[in-house]
Amino acid sequence: MSTTTTTSPTGSRPLPELLPEHKKRITPKRPRDYLCWAAAIAVVAGLVYTTVTNENYQWPVVFSYLTTRSILDGLLLTLVLTVVSMGLGTLLGLLLAIMRMSHQPPISGLARLYITFFRGTPVLVQLIFWFNIAALYPNVSLGIPFTDISNPVDVNALMTPLTAAIVGLTLNEAAYMAEIIRGGFASVNRGQYEAADSLGMSGFTRLRHVIIPQTMPAIIPATGNQVIGMLKGTSLVSVLGVAELLNSAQSIYARTYKPFRC
């Protein structure tokens, strides 16, 4: 940015020049501007009025249930599901993004297949699949290949509704985060990779100190959108019987038969 020089009692100091695109444009108000404001205010006021004055909402009942233990526990579980699934999904997405950019066709092909599959199937279907995975694999043995050392695992006992919810949400979120992170990697200038290589950095050091810090401006806004989507998407785990916020509300109106007052 160019600068101009101004003279002061203490000497000359450079000041940034005010460019035309930085100047605030003043536009005169027209009658249609006031009409738009009036229409918007009228619509909002009408919605607020009908919501507050409609006796069918029974707001005292609503407020009494908002502070119940089941609702607060459901809200806490919703937040925990969001944080855990986003954290694990981001880490797995980072690994998938690195695999996706690999020059080895089998590795990049596996990552591409994973991303395509989990982005192309509904989240609800994935949750139901993981919840019923024990029907396909009732027992899994973990051990050292070509030896007698193994430990059988009861999948039906392991895959509880909460575990199935975390696994399903994490694996689905990882596919989306992988593409977001890969887009962030692509935003880094190729010269940065070459500069890191010229300094003798290893691949991990280059990724940690050069590439990832520069991808943050491109990754963080999209990740924020994913966090909001995950917070809303946790309502799907109610079909598994997980007592998150929606399931807690459903249990209340199943007893009171008042679906809009809990």
Side-chain angles (χ1 to χ4, degrees), residues 77-142 153-188 203-204 207 211-212 215-247:
L77 185 56
T78 295
L79 296 177
V80 170
L81 279 173
T82 301
V83 173
V84 173
S85 299
M86 277 301 306
L88 296 177
T90 301
L91 292 177
L92 182 56
L94 175 60
L95 177 61
L96 288 169
I98 296 173
M99 294 174 59
R100 180 72 173 79
M101 299 182 66
S102 173
H103 296 293
Q104 300 296 329
I107 296 178
S108 61
L110 285 175
R112 185 183 295 109
L113 179 63
Y114 178 99
I115 294 170
T116 302
F117 176 80
F118 281 95
R119 292 182 69 189
T121 55
V123 183
L124 183 59
V125 174
Q126 298 175 30
L127 291 172
I128 295 175
F129 172 81
W130 290 111
F131 182 65
N132 296 283
I133 190 66
L136 299 175
Y137 302 96
N139 294 287
V140 176
S141 295
L142 300 178
V153 177
D154 185 0
V155 178
N156 192 32
L158 178 64
M159 195 60 67
T160 62
L162 181 59
T163 304
I166 294 176
V167 170
L169 293 176
T170 297
L171 295 180
N172 180 266
E173 186 61 32
Y176 288 90
M177 287 304 302
E179 289 297 274
I180 292 174
I181 296 173
R182 188 171 70 90
F185 288 164
S187 66
V188 179
F204 180 74
L207 186 68
I211 307 305
I212 291 182
T215 62
M216 288 296 104
I219 292 176
I220 289 178
T223 303
N225 292 336
Q226 291 299 117
V227 172
I228 296 173
M230 177 63 72
L231 184 63
K232 296 184 292 184
T234 54
S235 61
L236 295 174
V237 305
S238 63
V239 301
L240 307 182
V242 179
E244 45 75 58
L245 186 58
L246 177 60
N247 186 274

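Throughout, residue positions are numbered sequentially from 1 according to the sequence presented.
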Taking all atoms of both residues into account, what is the closest heavy-atom pair of [X] and [Y], and its distance?
X: Val237; Y: Ala165; value: CG1-CB, 3.6 Å
X: Thr78; Y: Leu245; value: OG1-N, 3.1 Å
X: Gly184; Y: Ala218; value: CA-CB, 4.2 Å
X: Ser108; Y: Ser102; value: CB-O, 3.7 Å
X: Leu79; Y: Leu231; value: CD2-CD1, 4.1 Å
X: Leu77; Y: Ala243; value: CD2-O, 3.5 Å

Inset, instruction - Any chance you could lay out the side-chain contact (heavy atoms from CB on, under 4.5 Å) test for Leu94 and Ile98, step after step, and finish with the verdict? - result: CA-CA 6 Å; Leu94 175 60; Ile98 296 173; 4.3 Å; yes
Legend entry - Under the side-chain contact (heavy atoms from CB on, under 4.5 Å) test, residues paired with Thr163 that sit two or more places apart: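 Listed in chain order: Met159, Thr160, Val167.
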Legend entry - Approximate separation, where rounding is to 0.5 Å, of Leu162 CG and Glu244 CD: 11.0 Å
Legend entry - Separation between CG of Leu110 and CG of Leu96, rounded to the nearest 0.5 Å: 10.0 Å
Please set out all donor-acceptor pairs under 3.5 angstrom arising from side-chain atoms of residues 84-92, sequence neighbours excluded.
unit_1	atom_1	unit_2	atom_2	d
Ser85	OG	Leu81	O	2.9
Thr90	OG1	Met86	O	2.7

Inset, instruction - Sort and list the pairs that fulfil ring-ring contact (aromatic ring centres under 6.0 Å, His included) and have at least one residue in residues 77-127, not counting sequence neighbours. - result: Tyr114-Phe118
Donor-acceptor pairs are to be reported for all side-chain atoms of residues 127-135 against protein atoms at under 3.5 Å, with residues two or more places apart or in another chain.
unit_1	atom_1	unit_2	atom_2	d
Asn132	ND2	Ile128	O	2.8

Inset, instruction - Could you note down all residue pairs passing side-chain hydrogen bond (donor to acceptor under 3.5 Å, both in side chains) where residues 216-241 supplies at least one of them, sequence neighbours left out? - result: Glu173-Gln226
Inset, instruction - Dump the intermediate steps for side-chain contact (heavy atoms from CB on, under 4.5 Å) on Ile115 and Tyr176, then the final yes or no. - result: CA-CA 7 Å; Ile115 294 170; Tyr176 288 90; over 6 Å; no
Inset, instruction - May I ask you to decide if Pro106's main-chain N or O and Gln104's side chain share a donor-acceptor pair within less than 3.5 Å? - result: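 The answer is no, because no donor-acceptor pair under 3.5 Å joins these two groups.
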Inset, instruction - Applying side-chain contact (heavy atoms from CB on, under 4.5 Å), run through Val242 and Asn247 and close with a yes or a no. - result: CA-CA 7 Å; Val242 179; Asn247 186 274; over 6 Å; no
Legend entry - Audit row: Ile181, Ile219, side-chain contact (heavy atoms from CB on, under 4.5 Å) steps and yes/no: CA-CA 6 Å; Ile181 296 173; Ile219 292 176; 4.2 Å; yes
Legend entry - Partners passing side-chain hydrogen bond (donor to acceptor under 3.5 Å, both in side chains) against Arg182 (at least two apart in sequence or in another chain): Glu179
